[in-house]
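What follows is a structure written as structure tokens; I'll ask about it next.
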Amino acid sequence: GETVTVQELAEKLKKTAAEVIKKLLGLGTLATINQEVDYDTATLIAGEFGIETELKVAVDKEAIIMAEPEDDLDQMITRPPVVTIMGHVDHGKTSLLDAIREANVTAGEAGGITQHIGAYQIEHNGKKITFVDTPGHAAFTAMRARGAQITDIAILVVAADDGVMPQTVEAINHAKAANVPIIVAINKMDKPAANPDKVKQELTQHELVVEDWGGDVIAVPVSAKARIGLENLLEMILLVAEVHELKANPDRPARGTVVEAELDKGRGPVATVLVQNGTLHIGDTIVVGHVMGRVRAMIDDKGRRVKKALPCTPVEILGLSDVPEAGDILVAVEDEKLARDVAEKRQQRKKEEALKSNNKISLDDLFKHI
Ligand code: GDP
Ligand code: MG
């Protein structure tokens, strides 16, 4: 079900965690600051503080479409890891993404790289890896702020000639806050000034101790430019993915996150979506943030039209009524009326929020990050 931590609830209610804990105690629940409380309890607590949960009806409908079904373990399959590249500016994030992509264009993909849709998938030793192509902590932070968790593994790129820099530290903090495992790619190893030991030394100051120094952080020396170490990096990604036993259920309605979205002159609203669970099909009714739609066409990262998108596949989708925002959650909904109601309610709320500076708490705010 849907939950919120005591800390988050307190923040939303503009109360201290202690006050919330006290109210919980009054309800007979002994809770800690990081404890998760469910929707009903959160509503009760809000009521205890005299805060009206006026959007209850709308939220209930949202709760229905946002509810995660119990997955049958038999239906679960191993899914590809979703990888995000982070690091200081100019340390080689884009170069590394391009190098990996180019090195993995298969013979069948005539014309090579045809599309840049914000995410791409490669295959290494018969196993798939999905890379989110919007590097940088800004995108990462925006998504997290919206409650979207799309990354399984963060690749921290550190230039071997430059070492740990301010944005490297920021990236480390973001990955840690999101509880995402980090693999360090020590880049620019082709440079004469490359000093990987200095990088490793600096990383220890941020509690990242690499394996050859007795820690558990994997560090891979690479050169995006000279194409060195890329295979090794991919192998390490697959290794970490295996340890984390990433699963998804392809036999359920799709759920995913918008990576990018724009209004295309010819095609209308276009969103690149990473399908994270379930399978998205042509014809599916979807709600994406405040936008409703019906999947009219899907285009994969190789520019091919596809009829369905399995878990961890990035696809461009056409058929939305408006442009959603990066970080918006996509859900496929069987009940079209329900989908429309929720989208309309969200649109209305969006308008209202834009009109007034909103001090009132909505349950939507409360549960946005779920
Ligand atoms: P980003 O800002 O992290 O995306 O960095 P870029 O990929 O744009 O790279 C910044 C600069 O470093 C560019 O001039 C790249 O050509 C260069 N660069 C990236 N990777 C390497 C590398 O492995 N070796 C060398 N020598 N230069 C690199
Ligand atoms: Mg870049």
Side-chain angles (χ1 to χ4, degrees), residues 82-105 112-122 124 129-144 150-176 178 180-203 206 208 210 212 217-237 258-262 272 274 301 314 326-327:
V82 179
V83 178
T84 306
I85 311 254
M86 305 172 88
H88 197 70
V89 65
D90 281 345
H91 279 198
K93 298 180 293 295
T94 304
S95 303
L96 193 60
L97 275 164
D98 289 348
I100 290 168
R101 188 173 194 175
E102 282 160 30
N104 289 278
V105 173
I113 295 149
T114 51
Q115 284 268 316
H116 266 283
I117 66 166
Y120 67 81
Q121 199 173 60
I122 62 142
H124 182 71
I129 305 173
T130 301
F131 287 90
V132 176
D133 202 355
T134 48
H137 47 277
F140 200 84
T141 317
M143 293 211 189
R144 256 194 70 71
I150 63 163
T151 307
D152 298 308
I153 299 168
I155 304 296
L156 180 70
V157 179
V158 188
D161 62 336
D162 203 22
V164 171
M165 297 305 261
Q167 288 164 23
T168 318
V169 178
E170 272 178 47
I172 293 170
N173 292 337
H174 284 308
K176 281 190 175 168
V180 171
I182 297 171
I183 297 175
V184 181
I186 304 179
N187 190 32
K188 307 200 184 185
M189 287 299 290
D190 60 291
K191 284 194 156 184
N195 189 347
D197 279 337
K198 181 168 162 281
V199 173
K200 291 173 186 177
Q201 159 65 41
E202 289 166 352
L203 286 172
H206 303 280
L208 288 185
V210 299
D212 46 345
V217 175
I218 297 171
V220 185
V222 298
S223 166
K225 195 176 177 185
R227 307 283 200 262
I228 297 165
L230 302 184
E231 293 239 328
N232 198 7
L233 180 61
L234 298 179
E235 238 128 75
M236 290 306 135
I237 291 170
V258 175
V259 177
E260 282 182 357
E262 59 166 18
T272 296
L274 181 69
D301 57 336

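Every number for a ligand or one of its atoms is a count from 1 in the order of the listing.
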Short N/O distance, under 3.5 Å, between Gly92 and ligand 1?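 Among all N and O atoms of Gly92, at least one is under 3.5 Å from an N or O of ligand 1.
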Under 4.0 Å, heavy atoms only, figure out whether ligand 1 is touched by the backbone of Thr94, its side chain, both or neither.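 Under 4.0 Å from ligand 1, Thr94 contributes backbone and side-chain atoms.
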Closest approach of Thr151 to Val180 (non-hydrogen atoms, all atoms of both residues):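 What the structure gives for the nearest pair is O-CG2, 3.7 Å.
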Heavy-atom check, side chain of Met189 versus side chain of Pro196, under 4.5 Å: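 Touching, per the 4.5 Å side-chain cut-off.
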Checking Ala219 now: which residues fulfil side-chain contact (heavy atoms from CB on, under 4.5 Å) with it, not counting sequence neighbours?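 side-chain contact (heavy atoms from CB on, under 4.5 Å) list for Ala219, sorted by chain: Val184, Ile186, Val210.
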If you draw a 6.0 Å radius around NZ in Lys176, do more than 12 non-hydrogen atoms from other residues or ligands fall strictly inside?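 Above 12, so yes.
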Find all atoms of ligand 1 within a distance of less than 4.0 Å from any non-hydrogen atom belonging to Lys191, and give their numbers and elements.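 By the 4.0 Å cutoff, the relevant atoms are 26 (N).
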Do other residues, nucleotides or ligands put more than 12 heavy atoms under 6.0 Å from Glu231 CD?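 Not more than 12 within 6.0 Å, no.
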Check whether any N, O or S atom of Ser95, backbone or side chain, sits closer than 2.8 Å to the Mg ion (ligand 2).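 Looking at Ser95, which is the residue asked about, there is no N, O or S atom under 2.8 Å from the Mg ion (ligand 2).
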Expected list for residues 85-92: side-chain donor-acceptor pairs under 3.5 angstrom, two or more places apart:
residue: His88; atom: ND1; partner: Gln167; partner atom: N; Å: 3.1
residue: His91; atom: ND1; partner: Ala159; partner atom: N; Å: 3.1
residue: His91; atom: NE2; partner: Asp162; partner atom: OD2; Å: 2.8

Atoms in ligand 1 flagged as close to Ser95, the criterion being non-hydrogen separation under 4.0 Å: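 Answer, ordered by atom number: 6 (P), 7 (O), 9 (O), 15 (C), 19 (C), 20 (N).
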Options Val222, Ile228, Asp190, ranked by nearest heavy atom to atom 24 (N) of ligand 1, top entry: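 When every heavy atom of Val222, Ile228, Asp190 is considered, Asp190 comes closest to atom 24 (N) of ligand 1.
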Give me the atom names and distance for the closest heavy-atom approach of Ile150 to Val82.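 What the structure gives for the nearest pair is O-CG1, 3.0 Å.
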Look at ligand 1 and say whether His88 reaches it with a heavy atom at a distance under 4.0 Å.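 His88: in contact with ligand 1 (<4.0 Å).
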Only heavy atoms count here, so choose which of Lys93, Lys188, Arg227 is nearest to atom 12 (O) of ligand 1.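 Among Lys93, Lys188, Arg227, the closest heavy atom to atom 12 (O) of ligand 1 comes from Lys188.
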Do ligand 1 and Ala224 have nitrogen or oxygen atoms that lie under 3.5 Å from each other?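 Such a contact does occur with ligand 1.
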